[in-house]
A.B. asks: 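Could you have a look at this structure, given as C-alpha cells, before my questions?
Side chains are part of it too, since the values below use all heavy atoms of this structure and drop only hydrogens, waters and symmetry mates.
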Amino acid sequence: MRRRSVLSIATSTLLVATGAAVVAAPPAALAEPGPALEVNVAADRHPISPHIYGMNFTDEALAEELALPVRRWGGNATTRYHYRYDTTNRASDWFFENIAEENADPAALPDGSSTDRFVEQDRRTGTDSVLTVPLIGWAPKARDGSCGFSVAKYGPQQRTDEWRPDCGNGVRPDGTLVTGNDPHDTSVEAGPEYVREWLRHLTGKYGTAAEGGVKFYNLDNEPDIWHSTHRDVHPTGASSAELRDQAYAIGAAVKEVDPTAATLGPVGWGWTSWDHSGLDQEECGRTGCWANPPDRPNRNGLPFATWYLQQMRDYEARHGQRVLDYFDMHFYPQAAGVAFGNGNDPATNALRLRSTRALWDPTYTDESWINTQVRLVPRMKELVAANYPGTRTAITEYNWGALDHVNGALAQADVLGIFGREGLDLATLWAPPAASQPGAYAFRMYRNYDGAGGRFGDLGVRATSADSEQLSVYAAERGSDGALTVMVVNKSGVERTSSLSLRGRTAPSTQVYRYGAGNLGAIVREADQRILVPPPVAGAPNGILSHTFPADSVTLFVIGGPSTPPPLSVLHRNLDRWPTDGQIRPAVDVDNPGRVPVDLSRVTLRYWFSRDGGRGAVQAACVQAAIGCANVTQSLVTLPRPRRGADGYLELGFARGAGVLPAAGRTGPIEVRLTKADGSRFVETDDHSWRAARPDYEASTRITVYLDGVRIAGTEP
C-alpha cells in the first residue's frame, strides 16, 4: 500500500507577469489546427462547490495563498489516533508502531494536540476542516512507542525498523503472516464514547460546525482494507454489516455532539470498494472468488456501495436523523506509472492525460485492470439519486501524479475542471504539491491566477470542445463581478489554434492568463485579446476569438461582466374578462426600444401565477402569435416554495426561427392560454402578473424578462 506521510511544503512567491496591450490574437505561425470550442452562458448553469479545490495536509502558506476552501486530516495513520495522547499508529505504513506527534507540551494534552493545531491553522486561513474519526474500534494506548509485532514476543520477521529493531512488519522469514497477536500491545478500545469525548473537546474549544468549528468528519479511512493496513488489530476483512453498524454508531455519536457537522463515508480505498466489502476483498484476494464473493448474500446480492447507501437511508427513515451526509470514495488511476508517478516517460504522460476521462466519459474504457467505463462522478451522483437522495458526493483522496512536472499540472487542471463541470461536491488531493511545483500552479489557475485572489467562476456554464483529447475547456461565471472565466487545457503536445465561440456573452476583449511549459515558475499575464462580434444573425454566436494555445499549457480567459443589457420590455393585455374561470389568457408583445438588434433565442419571459387548488396538471398552449406559434416555446415551472402571488410561472421562449428582434421593433402579439386538466378554476386577482382586462396593451413590470437566463426587466414575486 502507499506510504502516508505529511509533506513538508516550501513556500514561494507567486509571480504574475503582466501585459496591457490588446491584440487580435497570439501569432499562429507553425501552429496545428485545433478543435472548435464553444461556451454558452445560458446553458447547463449550475453552482460549482468551492470544496472541490481541497487538499490533504496543506501547509499554511500555500493554504493562505489559495484561500484553500477545505483541508483534510486523513490517511492510514488517522484510523488509529488518540487525541489525549496525540499519538497515531502508523500501521503497515511503518511497522505498526505507535508514533507520538511532535508536541512542545505533552503534559497539556489534549490541548495543543496536532489535531488542535490542524484546526487552528484552518481557522487562520478560513479553511474548512475534515477530521477522521475511528470506526475500527481501537486507538493508541499511550505515547509509548509500542508496536504491533514485537520480535521478542512473536519471533523473527522479514523486516524490522532499523531504529527500533524489536518492531517487525508482521511477516515471518518464510513469508507467512504473524497471527494471533494481541491488539492491546499497542491499542485500547475506542468506540462511540471516545468519539463523543473528542468532539466535546473540539466543540468546546472551537464551537460547532455552524459556529466555525470542524465542519466535516470522515467515517474512518479506507475501512475495507483494514485487514491489510491495520491487520495487527483487524486481521480479517470488515464485513458489510460491520461497516454499516459502525457507521451508524459513530455517525450518530458525531451528530449527538454536533448536529451541524457533516459526515462522509464509506471512504473506500478505490474501485474495488464499490462492489465489495472488506470481507469480500480479504477472502477473494486470497482465493480469487471475485465472481462469487462471500459477503454478497448478506447484501441481498447488491454491490456494496448500493447496499450501503440504502442502509444509511433506512437508518434515517427509522430514526429521523441522517448519519451520512456525503458519499465518499477514494480514486487513484490504476494504470502503471500514473498515480504518484513522475513525468519522465512520454507514453505514461499521454496516458495520464487520457485517463482523466475516467472521471466522466461514458465512451472511455479505463486503461488498467479496471478495464471498463468508470465515469466516476456521474456514477456517484446517479447512485446517490437512486438510493439515498440528498446525499452529496466527495472524493477525499485522489492523485494523478507528476505534480512536479508540467504534465501533472495539465492533468490536475483538467481534473479540477471536470469536478466543477460534473457537479462533485468535495474533493481533497492526496498529497499537496510543494508551492513551487507545477501542480500548485494548476490550483492557482483556479484560485489565485493573478496573485491578487483572482478566481475561476462559481456558476458553471456549458463549455464544449470538438476534441477534448486535444483541448479541454471549462467555463463559469463569477458571482462577485459577473465575469466569465474560461479555462482551456492543451493536452495535445503541440501548439494549436482554435476558434472559441461565445453564446450569450460578448465583450470588446478578454484578459489572458497562462501557465505552461514555457514558464514553469509563473502564471503569465498575456496581452489582452480582442473579441470579434459578428452581425446579430439568428443562431450566430455573440462573440468569437481565435487563439493559439501553446503546447503543454493551461490558458484562462477572463471576460468582463455583462455589458448593459438591451432595454427590452413587455406589453401585456389580459384577454380573459372573468378572473375566476377555468383559464388564464395573457397576451404579450416584446418591445425593443434600443438601438441594438437582439437574437430572440436568447430571450425568455415569465408570467407568474398561482394554481389555486385542483388536482389536474396545468397546461399551456399558444393560441396565436404574429411570429408564429411554432417559434414560441412554453414551459410550466412549479416553485419549490410558493411566493406571494405565485406558486409557479409560465416561461415563454423563442425558437431559432423567431429570428432577430430589430432595434425599435416588436415581436407583435403572442396569445397563450393556461388551463387545468381537471377543469377547475383559477382565482387570478391575487396572481403576481395579473392585471384587469382592458382593451389595449400596456407596459408590465410584473411579467419578467430574461436575457441568457439573467433577469433584465420586471419584478419577480
Side-chain angles (χ1 to χ4, degrees), residues 14 16 18-19 22 25-26 37-53 65-69 409-410 412-424 427 441-465 468 471-490 498-516 523-531 541-545 547 549 553-563 708-710:
L14 172 62
V16 181
T18 61
V22 179
L37 309 175
E38 181 173 288
V39 171
N40 186 339
V41 300
D44 300 340
R45 296 172 69 85
H46 65 279
I48 295 176
S49 168
H51 288 131
I52 64 172
Y53 304 111
E65 181 189 341
L66 297 175
L68 193 72
L410 299 179
Q412 184 62 53
D414 205 34
V415 166
L416 294 176
I418 292 166
F419 286 165
R421 184 190 66 200
E422 299 298 321
L424 188 70
Y441 284 94
F443 278 86
R444 289 184 179 108
M445 288 295 285
Y446 286 90
R447 297 294 300 172
N448 191 12
Y449 59 80
D450 57 359
R455 298 180 187 174
F456 190 70
D458 47 23
L459 182 67
V461 300
R462 181 180 295 172
T464 57
S465 169
S468 62
L471 303 181
S472 56
V473 59
Y474 309 97
E477 285 186 345
R478 194 161 56 203
S480 60
D481 60 0
L484 174 65
T485 56
V486 181
M487 195 79 71
V488 180
V489 185
N490 184 353
S498 285
S499 176
L500 171 62
S501 298
L502 300 173
R503 295 189 180 277
R505 176 68 68 85
T506 190
S509 64
T510 176
Q511 297 176 1
V512 183
Y513 294 85
R514 181 138 44 230
Y515 180 76
I523 295 171
V524 177
R525 169 75 185 275
E526 305 282 3
D528 291 358
Q529 181 176 342
R530 291 192 182 95
I531 298 175
N542 306 108
I544 300 174
L545 59 93
H547 191 86
F549 300 92
S553 67
V554 184
T555 301
L556 175 65
F557 299 111
V558 181
I559 301 167
S563 57
D708 301 322
V710 177

A.B. asks: Does the side chain of L545 come within less than 4.5 Å of R530's, by heavy atoms?
C.D. replies: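 Not touching, per the 4.5 Å side-chain cut-off.
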
A.B. asks: Keeping the roles fixed (side chain from H51, backbone from L424), state whether a donor-acceptor pair exists under 3.5 Å.
C.D. replies: no

A.B. asks: Is there a donor in the side chain of S509 and an acceptor in the side chain of D528, or the other way round, less than 3.5 Å apart?
C.D. replies: no

A.B. asks: If you define the side chain from C-beta out and look only at heavy atoms, does anything of M487 sit under 4.5 Å from F456?
C.D. replies: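 Heavy-atom side-chain distance check passes, below 4.5 Å.
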
A.B. asks: For the side chain of D458 and the backbone of G479, is there at least one donor-acceptor N/O pair under 3.5 Å apart?
C.D. replies: yes

A.B. asks: Would a distance-only check, ignoring hydrogens and angles, find a side-chain to backbone donor-acceptor pair under 3.5 Å from T555 to R514?
C.D. replies: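 Not at all, since once roles are kept as given, no pair shorter than 3.5 Å links the two residues.
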
A.B. asks: Measure from the side-chain N and O atoms of Y446 to the backbone N and O of G417, and report whether any donor-acceptor pair falls under 3.5 Å.
C.D. replies: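 Confirmed, Y446 side chain pairs with G417 backbone.
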
A.B. asks: NE2 of H547 to OG1 of T510: how many Å apart, nearest 0.5 Å?
C.D. replies: 9.0 Å

A.B. asks: Does S465 reach the main-chain N or O of V473 with its side chain, forming a donor-acceptor pair under 3.5 Å?
C.D. replies: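 Side chain of S465 to backbone of V473: no pair is present.
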
A.B. asks: For A442 and A409, which heavy atoms make the closest approach, and how far apart are they?
C.D. replies: CB-O, 3.5 Å

A.B. asks: Only counting residues at least two apart or in another chain, list the ones meeting side-chain contact (heavy atoms from CB on, under 4.5 Å) with R462.
C.D. replies: N40, A43, D44, T464

A.B. asks: Kindly compute the distance separating OG1 (T485) from CE (M445), expressed to the nearest 0.5 Å.
C.D. replies: 10.5 Å

A.B. asks: For the side chain of R505 and the backbone of G561, is there at least one donor-acceptor N/O pair under 3.5 Å apart?
C.D. replies: no

A.B. asks: When rounded to the nearest 0.5 angstrom, what is the spacing between CD in E526 and CG in L556?
C.D. replies: 12.0 Å

A.B. asks: Determine, step by step, whether N448 and D450 satisfy the side chain to side chain contact (heavy atoms under 4.5 Å, CB included) criterion, reporting the C-alpha distance in whole Å, the side-chain angles of both residues, the deciding distance to 0.1 Å, and the verdict.
C.D. replies: CA-CA 6 Å; N448 191 12; D450 57 359; 3.7 Å; yes

A.B. asks: Quick one, L500 and V39 - any side-chain contact, counting heavy atoms below 4.5 Å?
C.D. replies: yes

A.B. asks: Treating Y474 as the side-chain partner and A463 as the backbone partner, does any N or O pair qualify as donor plus acceptor under 3.5 Å?
C.D. replies: no

A.B. asks: Could you pull out the closest heavy-atom pair between G420 and H46, with the gap in Å?
C.D. replies: O-NE2, 2.9 Å

A.B. asks: Looking at every heavy atom in both L68 and Y53, which two are closest together, and how far apart are they?
C.D. replies: CD1-O, 3.4 Å

A.B. asks: If you take all heavy atoms of V512 and A527, which pair is closest and at what distance?
C.D. replies: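 In terms of heavy atoms, the two residues are closest at CG2-O, 3.7 Å.
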
A.B. asks: Would you find a donor on one side and an acceptor on the other, under 3.5 Å apart, between the side chain of R421 and the backbone of G460?
C.D. replies: no

A.B. asks: Sequence neighbours excluded, which residues qualify as side-chain contact (heavy atoms from CB on, under 4.5 Å) partners of P541?
C.D. replies: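 Expected list: S501, R503, I544.
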
A.B. asks: On the 0 to 90° scale, with breaks at 30° and 60°, tag the F549-F557 ring pair as parallel, tilted or perpendicular.
C.D. replies: perpendicular

A.B. asks: Please report the shortest heavy-atom distance between L484 and A475, naming the atom on each side.
C.D. replies: CD1-CB, 4.5 Å

A.B. asks: Quick one: closest heavy-atom pair of I559 and L502, and the distance?
C.D. replies: CD1-CD1, 3.7 Å

